[in-house]
> 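Below: one structure in structure tokens.
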Protein chains: 2
Amino acid sequence: MAYNKNDRRSRTKGRPTLNEVAHRAGVSPITASRALRGVATVAEELVRKVEEAARELGYIANPAARALASAHSQSVLVLVPSLANQLFIDTLEAIHSVLRPKGLEVVIGNFHYSREEEEDLLRNYLAYQPRGLLLTGFERTESSRRMIEASGLPCVYMMDLDSGSGLHCVGFSQVNAGAAAARHLLSRGRQRIAFVAAQLDQRTLLRGDGFRRTLQQAGRYDPAFEILTPRPSSVGLGSELFAQLLAAQPQIDGIFFCNDDLAQGALLEAARHGVKVPEQVAVLGFNDLPSSAFMVPRLSSIRTPREIIGRRAAEQLLDLIAGKTIAEPVQDMGFELVLREST
Amino acid sequence: MAYNKNDRRSRTKGRPTLNEVAHRAGVSPITASRALRGVATVAEELVRKVEEAARELGYIANPAARALASAHSQSVLVLVPSLANQLFIDTLEAIHSVLRPKGLEVVIGNFHYSREEEEDLLRNYLAYQPRGLLLTGFERTESSRRMIEASGLPCVYMMDLDSGSGLHCVGFSQVNAGAAAARHLLSRGRQRIAFVAAQLDQRTLLRGDGFRRTLQQAGRYDPAFEILTPRPSSVGLGSELFAQLLAAQPQIDGIFFCNDDLAQGALLEAARHGVKVPEQVAVLGFNDLPSSAFMVPRLSSIRTPREIIGRRAAEQLLDLIAGKTIAEPVQDMGFELVLREST
DNA sequence: TTGTAGGCGTTATCAT
DNA sequence: ATGATAACGCCTACAA
């Protein structure tokens with residue numbers, strides 16, 4: 001019997017193909033395919049044979065061929081604004097932990113807080129035909145929105161909540177979190193309360209809104225007590241802004257920082273200048289990063305449930321991919337005020 | 001003229017294909033392909049036409065089809081041990097900045113300091129037929145080594161140096177860095193010098209070796225002044241280990257931490273207990289993370305050139321992919337002692 | 001410089 | 001329950 005050129009039984013180099021597995025198992029390629037994917041009805045014994053053949057050959061499916069034939073890859077595209085913020089690393093880990101066991105690859109796109117970059121990432125990565133999308137927040141370009149819509153892909157939005165839109169989202173109310181921060185500082189008897197924010201992404205701004213509104217309602221809002229800068233958040237920036245704020249407004253007795261790294265920098269700067277925290281000025285952070293608990297004084301913060309958000313968002317996406325209807329498209333995971341020594 | 005079923009001129013749904021671009025430009029698909037990739041010799045005017053057609057159609061090549069036909073994707077696989085360490089984020093950013101403009105996608109694999117996980121990642125991601133590999137360090141399983149070898153892919157090793165092997169690597173001598181740390185502490189007149197390390201990956205251990213050897217040569221080595229733990233490095237752990245070490249060995253007057261986060265934790269713990277740094281005990285970190293410069297006192301550290309390492313490694317890989325011969329397969333990027341207030 | 005033919009490895013569709 | 005056949009969209013090889 002002559003082998004035709006498509007027959008790979010005798011091939012000795014390169015990775016094994018489904019064909020070879022099929023031959024070794026004595027079945028047709030399509031049966032091997034089905035057996036390996038656990039779909040449809042394949043006789044138990046055949047499944048066993050195929051799996052054995054695959055194992056012996058060290059067979060691993062070619063994702064490109066698979067994607068081409070099925071018109072979709074086994075990946076999920078996750079877009080985050082930064083990798084420098086531990087917040088998103090934690091989120092990614094959580095996502096990973098639920099998607100990986102399901103055989104889905106997590107493709108990470110870092111858009112550096114740039115809407116244009118996010119748009120580019122979408123344009124490029126959508127071409128990979130991912131199974132679903134995990135996006136951060138609701139703020140993006142019109143083009144991005146259209147591409148997401150046009151892709152028809154299941155999509156879950158993380159970190160923020162948006163009840164009106166009908167979008168699937170898992171997060172917490174940024175506005176409420178900001179309000180809670182203000183209420184806490186107020187409850188500590190603080191009178192002249194500042195807000196310091198960097199990066200100025202949508203969520204930061206919403207936090208600021210909630211914070212500001214609460215202060216206003218308490219008759220304690222002063223726009224001079226606000227520093228907003230688009231510069232990237234960091235410990236160094238926190239030190240700098242703290243010094244700047246206290247120099248300009250020495251009477252301030254409470255500060256809410258939009259992220260823990262800023263607050264940590266403030267704590268450090270305060271120590272350097274002998275400013276007593278919380279006696280002279282209370283410092284409240286946001287996100288509760290791991291190191292915050294070890295600052296001097298230990299930083300009070302608002303803990304955001306990024307692990308749960310990541311997990312739930314991934315699970316919800318899994319359901320969407322499976323075609324299930326989501327009972328609760330808007331999942332509020334809340335947040336937690338973590339009181340330590342700095343407030 | 002009847003359209004055959006392969007003819008997509010009239011197709012109205014789904015993403016545009018190369019065929020459609022070709023038709024619109026009035027050329028054959030292969031010419032369109034060549035024009036878009038900028039390969040071979042295609043008449044300038046045809047290139048223009050094809051590009052215009054592609055733009056009008058919003059054409060984006062299907063990576064799966066491309067990978068299947070060409071037997072390789074447009075991705076580079078980068079394997080790092082952690083995303084929680086800013087060190088690797090910086091490295092990834094640098095890699096990104098050189099590979100992205102060349103049209104290469106950076107696929108990130110986080111192996112969580114686990115050799116087994118790295119092996120899994122290789123097994124899975126090699127199936128994607130990346131153009132090249134960017135790996136961290138030299139420590140891995142035999143299987144991993146074999147897979148890398150068998151893949152025949154260009155590969156550059158980052159962070160450490162290994163002159164004997166003939167492997168391409170970009171990094172610095174971990175041993176020398178450890179030695180430099182010891183020499184510095186010694187030069188500060190420290191007599192009882194400790195070494196605190198977590199994670200215990202190969203590079204950390206090598207740093208320890210260099211550090212230890214230098215102390216031994218100076219007659220100042222005491223094994224009781226060493227804490228090695230496989231637990232993950234963090235600020236909190238640094239605080240804990242510092243307290244533990246000083247309780248057990250109060251006479252210690254200098255400590256080298258294998259990573260800045262540990263050193264930062266130590267500084268915080270010292271402040272909490274009124275231990276004077278550097279008067280009573282000098283604290284030296286490693287990597288020089290951004291926040292270290294803002295600690296109280298400002299942390300002395302050894303700055304590792306991860307940005308340059310990432311960039312150079314990526315550039316070297318690009319050369320390898322292009323089939324160029326590398327003049328300097330081993331690139332020592334050095335390190336820098338950053339003296340601040342803690343030593 | 002351009003085009004033709006064929007195949008890359010897998011899965012969907014339709015039979016059996 | 002299993003298989004034959006034909007795509008999937010692009011690129012390599014070779015031919016013109």
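By convention in this document, chain letters (A, B, ...) are assigned in the order of the sequence lines, proteins followed by strands, and residues within each chain are numbered from 1.
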> Quick test of your reading of the model: are A/R146 and A/E149 salt-bridged, counting only N-O distances below 4.0 Å?
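Judged by the 4.0 Å cut-off on N to carboxylate O distance, A/R146 and A/E149 do not form a salt bridge.
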> Contacts to DNA chain D from residues 44-55 of chain B, heavy-atom cutoff under 4.0 Å, which residues?
none
> Whole Å only: how far is the OH atom of B/Y128 from the C1' atom of C/dG9?
15 Å
> Can you tell me how the ring of B/Y125 sits relative to the ring of B/Y128, calling it parallel under 30°, perpendicular over 60° and tilted otherwise?
tilted
> Are A/R48 and A/E51 within salt-bridge range, i.e. N to O under 4.0 Å?
no
> Take the protein atom CD of A/E20 and the nucleotide atom P of C/dG9, then report the distance between them rounded to whole Å.
9 Å
> Spell out protein contact along nucleotides 10-16 of chain D as letters: B when the base is contacted, S when just the sugar-phosphate is, - when no protein heavy atom is under 4.0 Å; keep the 5' to 3' order.
BSB----
> Taking NZ, NE, NH1 and NH2 as the nitrogens, is one of them in A/E20 or A/R24 under 4.0 Å from a carboxylate oxygen of the other?
no
> Think B/S28 has a side-chain N or O under 4.0 angstrom from the OP1 or OP2 of C/dT2?
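Answer no for this pair, as no side-chain N or O of B/S28 is under 4.0 Å from OP1 or OP2.
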> Has A/R66 got a side-chain atom pairing as donor or acceptor with B/A64's backbone, closer than 3.5 angstrom?
no
> Could you give the angle between the helix axes at the two ends of the helix from C/dT1-D/dA16 to C/dT16-D/dA1, with five pairs per end, rounded to 10 degrees?
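Comparing the axis at each end, I get an angle of 30°.
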> Evaluate the side-chain proximity of B/E118 to B/T141: yes if any heavy-atom separation is below 4.5 Å, no if none is.
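In short, these two side chains do not touch, never coming nearer than 4.5 Å.
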> Would you indicate what B/A71 reaches in the nucleic acid, counting non-hydrogen atoms under 4.0 angstrom: base, sugar-phosphate, or nothing?
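Contact class for B/A71: none.
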